[in-house]
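One structure below.
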Amino acid sequence: MTNDTNTNRPTHIIYQVTGEGETSYWHRVGAAWANKDGKGLSLKFDAIPLHGRIMIREIGDEAKDAGHSQEIEPAL
């Protein structure tokens with residue numbers, strides 16, 4: 001496996017998720033890039049959550065339109 005990453009925009013957003021269902025809160029805590037070999041991701045955290053779940057979601061059109069600057073609640 002290689003440590004090379006794409007230096008362009010990230011391909012995934014990392015979220016801390018607290019709560020369940022309609023009351024869940026998704027807080028962006030980092031970003032991820034696919035490795036060139038396609039077998040893994042390189043992760044960059046801006047914060048390390050101490051509770052809740054960590055979700056990694058592929059960036060969709062709604063995230064691209066928001067410029068990656070807003071909280072986005074992905075549809076599950």
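The shown structure was predicted, so the numbers you read here are calculated from the model rather than taken from an experiment. Keep in mind that the numbers below use all heavy atoms, side chains included, and drop hydrogens, waters and symmetry copies.
Scanning all heavy atoms of the two residues, the minimum distance from R57 to W26 falls at CG-CZ3, 4.0 Å. For the pair T18 and Q16, the tightest heavy-atom approach, listed with the atom from each and the gap, is CG2-NE2, 3.9 Å. Residues V17 and S24 come closest through the heavy atom pair CG1-CB, 4.2 Å. Looking at every heavy atom in both residues, I54 comes nearest to P49 through CG1-CG, 4.2 Å.
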For this session: Check the pair H12, W33 against side-chain contact (heavy atoms from CB on, under 4.5 Å), reporting the backbone distance first and the verdict last.
Result: CA-CA 6 Å; H12 295 72; W33 290 260; over 6 Å; no

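Summarising the geometry, atom OH belonging to Y15 is positioned 11.0 Å from atom NE2 belonging to H27; distances are rounded to the nearest 0.5 Å.
In terms of modelled atom types and a separation under 3.5 Å, the side chain of R53 and the main chain of G19 share a donor-acceptor contact. A distance-only check finds no donor-acceptor pair linking the side chain of N35 to the backbone of D37 [under 3.5 Å].
Looking at residues two or more places apart in sequence or on another chain, you find a side-chain contact (heavy atoms from CB on, under 4.5 Å) between L43 and I14, A32, L41, F45, I56.
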